[in-house]
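To start, the structure under review is shown below, and the notes come after it.
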Amino acid sequence: MAMKIIIVGGVAGGASAAARLRRLDEKAEIVVFEKGRHVSYANCGLPYYAGGVIENRDALLIMTPEKLKALLNLDIRTRSEVTAIDRRARTVTVRELPDGREYTERYDKLVLAPGAKPFLPPVPGMNLKKVFTLRTLDDADRLKETVVRSGGKTAAVIGAGFIGVETAESLTHAGVKTALIEKLPQILPPLDPEMACGLQTQLRDKGVSLYLGAGLAEIRETETGLALRLDNGVELAADFAVCALGVRPETELAKQAGLEIGAAGGIKTDRQMRTSDPDIYAVGDAVETPLAPLGATGIIPLAGPANRQGRIAAENIMGAGSVCPATLGTAILKVFNLTAAMAGHNEKHLAHNGIPYLKSYAHGLSHSGYYPGAFPLVIKLLFSPDGGKLLGAQAVGMEGADKRLDVIAAVMQAGGTIYDLLDAQMCYAPPYGSAKDPVNIAAMTAENILAGLVNPVYPTDLDRLAADKNFFLLDVRTPEEYLTGSLPGATNIALSVLRGRLPELPRGKTIVTLCSRGKMSYFAARLLMQEGFRTLNLNGGYSLYKQIKSEQEAQAAGSQPRQNPAPDATSSPAGCPKNAARIEINACGLQCPGPIMKLSAALNNAAAGSELLVSASDPGFKMDVAAWCSSTGNTLINVTEENRVIRACIKKGTGEIPASTDALNQPAPAAGSKNRTIVVFSGDLDRALAAFIIANGAAALGGKVTMFFTFWGLNILRRETAGPAAKGFLDRLFGLLMPRGANRLALSNMHFLGLGTALMKHVMKTKNVTPLPELIKQAQRQGVKIVACTMAMDIMGIRREELIAGVETAGVASYLADAQYASTNLFI
Ligand code: FAD
């Protein structure tokens with residue numbers, strides 16, 4: 001007699017089991033009970049359908065009962081809920097939902113694939129009509145109806161797990177202003193918090209308001225929609241809400257039938273998907289499985305494992321003895337332009353359970369940087385200190401995170417180590433990857449740590465180290481990178497000149513090397529270690545540190561909803577008008593500092609006032625270019641983003657930007673360099689005198705001296721005669737209020753309406769002290785480089801023609817480039 005198999009649940013696990021059963025046994029009687037109206041549909045596409053990204057509803061209905069009957073001879077009974085199991089009689093009770101009619105059905109083998117149900121927190125208001133969940137196609141239909149037909153314009157999504165984030169993105173796509181609420185201080189709990197930072201910024205940039213670290217306390221109905229109160233007291237209004245707080249396994253039937261339930265709350269099965277009753281199998285979201293690579297059990301509600309388990313259950317019903325692998329939880333998510341992928345354990349889990357681990361971060365590109373369309377990505381590896389066994393991995397980037405994580409997950413599933421990733425032979429041609437793929441680079445970084453070639457510290461350690469006087473923070477980035485922002489207290493010596501400047505490093509302290517991505521600083525750390533220094537290297541780099549800080553600031557600011565998408569997310573079409581003179585620079589595929597270096601080089605050759613349009617694919621360029629422009633006296637007109645490419649429009653400042661990259665190519669100064677740099681900020685007579693006396697003294701000793709005049713210090717360099725007439729009112733007013741030149745300066749103390757200053761000049765004369773104008777000339781004769789800061793000139797309305805002869809004008813980059821080669825740097 002043919003075997004009769006009943007399957008409860010007709011979507012991922014249930015449908016897979018049914019299809020496999022038929023292929024293994026043409027004669028078996030296979031009945032699938034599904035309480036919903038649809039079977040084997042694409043529930044993973046529901047968020048995208050609700051927001052209109054997927055337009056065609058039918059595209060989600062992969063199979064219909066009719067098709068399954070025709071193709072596989074399956075007896076599919078929809079709107080039929082299994083309400084009880086009689087294990088002794090081997091029957092199930094079925095209720096037909098349209099009319100409530102009940103009947104029993106006999107089975108030889110039973111497969112439970114009832115999935116999971118959305119978790120609804122016990123807070124008031126969860127049952128309101130305008131509060132939705134998203135589990136079935138009917139749920140998605142209702143949500144779509146609200147968005148499209150009823151014109152819901154504001155939404156609150158509660159829960160920032162996979163479905164919550166996907167729903168927030170999809171609603172935003174539909175033009176709904178969306179707030180995303182999450183009790184934890186980060187989105188996507190399977191990720192570690194630092195890896196979620198960039199995704200959170202992306203959500204904010206795209207107009208999603210993030211409320212992190214605050215749980216939902218109550219929802220009330222108002223005249224216009226809903227009022228949501230969070231447990232930190234924040235109130236927000238929305239036309240409707242979607243509750244996406246995760247799922248709980250559907251175990252009612254199993255419990256009622258006396259099947260064993262596991263510690264994590266799912267139906268307990270063996271590795272062949274058999275429950276505590278040998279005639280009953282269970283698969284999918286309803287079961288708990290061993291977790292790889294370490295082996296505890298847990299519930300991983302993902303489609304891949306559900307489908308695989310369905311197939312394995314079918315094979316074992318037919319006596320095959322197939323074994324289900326432990327679940328890695330390999331998962332992936334699109335967050336607007338970014339992708340986050342993960343597998344295995346995260347750091348939180350390992351730390352919480354006291355499992356020893358090491359970690360490493362590596363930055364790479366989706367494919368060769370010189371081939372168009374390359375985007376950066378970062379990979380975090382977690383591995384055992386004993387042998388490098390892979391314990392977990394996470395990757396975030398615009399492109400290529402999926403491919404890398406798939407490879408790492410496959411190696412992890414096979415029980416592999418970082419050495420296996422080191423040897424992974426990835427396919428490579430420029431449009432697809434790199435000869436050293438990011439997977440290999442991630443493994444190399446991990447290997448260096450494991451082998452003790454470098455002692456790592458991480459971005460989350462940096463503030464603590466900066467505050468500890470036992471550590472010396474050494475920023476080995478180029479001056480261009482340094483101008484994009486730096487850590488207070490860090491000393492900038494570019495890697496390329498480090499060998500010549502070792503005497504400046506304190507031997508009694510631990511040197512913490514840092515750079516953008518952790519690679520140059522690793523080179524520096526290796527150099528220093530071999531020179532006998534104690535070192536720590538910032539693994540993950542300043543770029544990851546910046547992301548973390550920027551997220552902390554956003555959260556400290558209260559994570560208030562943005563009124564608009566981030567200022568740089570929408571373009572101001574008039575911002576960078578296309579004109580014949582505009583210089584266009586393509587820096588796509590370059591990682592920081594590449595785009596800034598290209599911009600800097602182009603600016604050097606451009607005339608003052610020129611406009612430059614830089615295109616870059618490194619998302620970090622957005623922040624970098626703003627900081628760089630403000631440090632160098634250039635004007636950032638706007639930043640736009642289109643098709644994942646950032647375009648920055650920049651107007652060159654009035655001064656010249658020196659080629660600080662040229663400075664980098666110069667030989668490093670010998671130890672004990674005689675070069676000096678002096679920043680002259682003050683316009684007081686006594687301070688100006690001191691500055692020039694020191695400068696002349698230093699020049700006389702043979703060193704190269706640069707004096708950088710900024711703000712009030714600029715007055716020292718002004719001509720006595722009136723400047724050009726064509727100035728605006730404010731600039732003229734500023735000019736009138738400030739002293740014009742070296743002869744008009746006053747003392748910082750004892751000025752006494754000019755009396756004290758006159759007395760000082762008299763005493764200087766009687767004592768044969770050279771007056772300031774002569775000291776300036778002396779300095780110029782000795783070759784002291786006198787530089788006026790273009791940014792301060794711009795602010796104070798001082799024109800180049802107003803300055804005495806022989807003064808150069810330049811931005812901060814010029815000064816920093818010289819400071820790099822100086823052994824003394826004074827601020828007056
Ligand atoms: P389901 O596919 O949920 O099927 C269970 C079925 O059983 C349901 O249709 C239910 O109506 C029926 N049922 C329950 N009880 C009874 C009963 N007593 N009688 C009759 N029928 C019953 N996973 C990913 O890996 N990637 C994704 O991108 C992803 N996106 C998702 C997006 C959404 C909106 C949702 C809801 C889930 C998503 N998932 C995703 C999870 C994935 O869909 C599930 O892990 C997978 O569907 C689980 O399969 P299952 O067979 O266990 O349960």
Side-chain angles (χ1 to χ4, degrees), residues 6-18 31-51 54 60 62 76-85 92-97 105 110-119 132-140 143 157 159 161-167 170 190 242-244 246-257 266-267 273 281-289 299-311 313 327-334 339-343 402:
I6 285 182
I7 298 172
V8 182
V11 187
S16 283
V31 186
V32 179
F33 291 111
E34 167 54 56
K35 69 179 176 185
R37 289 189 296 135
H38 308 283
V39 282
S40 194
Y41 66 94
N43 46 9
C44 302
L46 296 181
Y48 301 106
Y49 166 65
I54 296 173
L60 299 174
I62 301 163
I76 307 274
R77 303 188 200 169
T78 56
R79 309 292 325 271
S80 301
E81 181 176 6
V82 173
T83 55
I85 303 167
V92 294
T93 307
V94 184
R95 182 190 300 141
E96 292 191 334
L97 294 178
E105 195 78 46
L110 176 65
V111 179
L112 297 178
K117 53 183 175 242
F119 171 67
F132 299 91
T133 54
L134 193 51
R135 187 74 201 166
T136 64
L137 194 50
D138 290 341
D139 293 339
L143 185 55
V157 176
F162 292 93
I163 296 176
V165 171
E166 284 179 353
T167 305
S170 188
V242 182
C243 184
V247 291
R248 298 288 180 270
E250 276 282 8
T251 51
E252 284 315 307
L253 263 185
K255 278 183 189 160
Q256 171 259 356
I267 303 171
M273 305 319 297
Y281 291 74
V283 300
D285 287 2
V287 306
E288 60 182 62
T289 58
I299 293 165
I300 305 281
L302 290 170
N307 276 285
R308 180 77 189 109
Q309 290 161 8
R311 183 181 169 99
T327 306
L328 275 183
T330 310
I332 191 159
L333 181 79
K334 174 178 175 299
T339 298
M342 63 220 78
D402 51 347

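Note that ligands are numbered from 1 as they come in the structure, with each ligand's atoms numbered from 1 the same way. Computed from a predicted structure; not experimentally measured.
For atom 28 (O) of ligand 1, the closest non-hydrogen atom on the protein side is C44 CB, 3.8 Å. Here the heavy atom of the protein found nearest to atom 22 (C) of ligand 1 is K35 CG, 3.8 Å. P114 CB, 3.5 Å is the protein heavy atom nearest to atom 15 (N) of ligand 1. Counting only heavy atoms of the protein, atom 53 (O) of ligand 1 lies nearest to G115 CA, 3.2 Å. For atom 24 (C) of ligand 1, the nearest non-hydrogen atom of the protein is A303 N, 3.4 Å. Closest to atom 1 (P) of ligand 1, if we only count protein heavy atoms, is V11 CB, 4.0 Å.
Two residues are said to be in side-chain contact when any heavy atoms from C-beta on lie closer than 4.5 Å; V32 and V8 fail this criterion. Between L60 and I54 the shortest side-chain heavy-atom distance falls below 4.5 Å. A heavy-atom distance below 4.5 Å is found between the side chains of I6 and F33.
Short contacts between ligand 1 and P301, defined as distances under 4.0 Å to a heavy atom of the residue, involve ligand atoms 41 (C), 45 (O). For ligand 1, the atoms closer than 4.0 angstrom to any heavy atom of A306 are 48 (C), 49 (O). Taking every heavy atom of G9 and a limit of under 4.0 angstrom, the matching atoms of ligand 1 come to 6 (C), 7 (O), 12 (C), 21 (N). In summary, the atoms of ligand 1 found under 4.0 Å from a heavy atom of P47, numbered by their order in the structure, are 34 (C). Listed by atom number, the atoms of ligand 1 under 4.0 Å from A12 heavy atoms are 2 (O), 46 (C), 47 (O), 49 (O), 51 (O). Taking every heavy atom of A113 and a limit of under 4.0 angstrom, the matching atoms of ligand 1 come to 5 (C), 6 (C), 7 (O). The ligand atoms of ligand 1 that sit less than 4.0 angstrom from a heavy atom of I163 are 32 (C), 33 (C), 34 (C), 35 (C), 36 (C), 37 (C). Under a 4.0 Å criterion applied to the non-hydrogen atoms of L134, ligand 1 contributes the atoms 34 (C), 36 (C).
Atom CG of N43 is separated from atom OH of Y41 by 5.0 Å, given to the nearest 0.5 angstrom. Taking NZ from K35 and CZ from R95, the interatomic distance works out to 10.5 Å, rounded to the nearest 0.5 Å. Here CZ of R79 is found 9.5 Å from NE2 of H38. Values are rounded to the nearest 0.5 Å. In this structure, E166 CD and C44 SG are separated by 8.0 Å, a value rounded to the nearest 0.5 Å. Here the CD1 atom belonging to I332 is positioned 4.5 Å from the CG atom belonging to D402, to the nearest 0.5 angstrom. Separating the OG1 atom in T289 from the CG atom in L328 is a distance of 10.0 Å, to the nearest 0.5 Å.
Residue-level proximity to ligand 1 for V8 is carried by the side chain, the only part with a heavy atom below 4.0 angstrom. Contact annotation for S80 and ligand 1: only backbone heavy atoms (N, CA, C, O) come within less than 4.0 Å of the ligand.
Pairing each heavy atom of D285 with each of L302, the nearest pair is OD1-N, 3.7 Å.
When the heavy atoms of D285, V287, L302 are ranked by distance to atom 52 (O) of ligand 1, first place goes to D285. When R135, E166, E34 are checked for heavy-atom proximity to atom 11 (O) of ligand 1, E34 turns out nearest. Looking at L333, N43, L137 and measuring to atom 32 (C) of ligand 1, the nearest heavy atom belongs to N43. Considering each of V82, T78, T136, the one bringing a non-hydrogen atom nearest atom 19 (N) of ligand 1 is V82.
Here's the thing with Y41: none of its N/O atoms is less than 3.5 angstrom from an N/O atom of ligand 1. Checking only distances, G13 does come within under 3.5 Å of ligand 1, N or O to N or O. Taking any N or O of G10, backbone or side chain, none lies under 3.5 Å from an N or O belonging to ligand 1.
Looking only at distances, a side-chain donor or acceptor of E34 sits under 3.5 Å from a matching main-chain atom of G36. Here the side chain of S170 pairs a donor or acceptor atom with the backbone of G51 at under 3.5 angstrom.
Under a 4.0 angstrom heavy-atom cut-off, A140 registers as lying outside contact with ligand 1.
Of the options T78, D138, T136, a side-chain hydrogen bond (donor to acceptor under 3.5 Å, both in side chains) to R37 is made by D138 and by none of the others.
Relative to the six-membered ring of F119, R248 meets both conditions, a distance below 6.0 Å and an angle of at most 45° to the axis.
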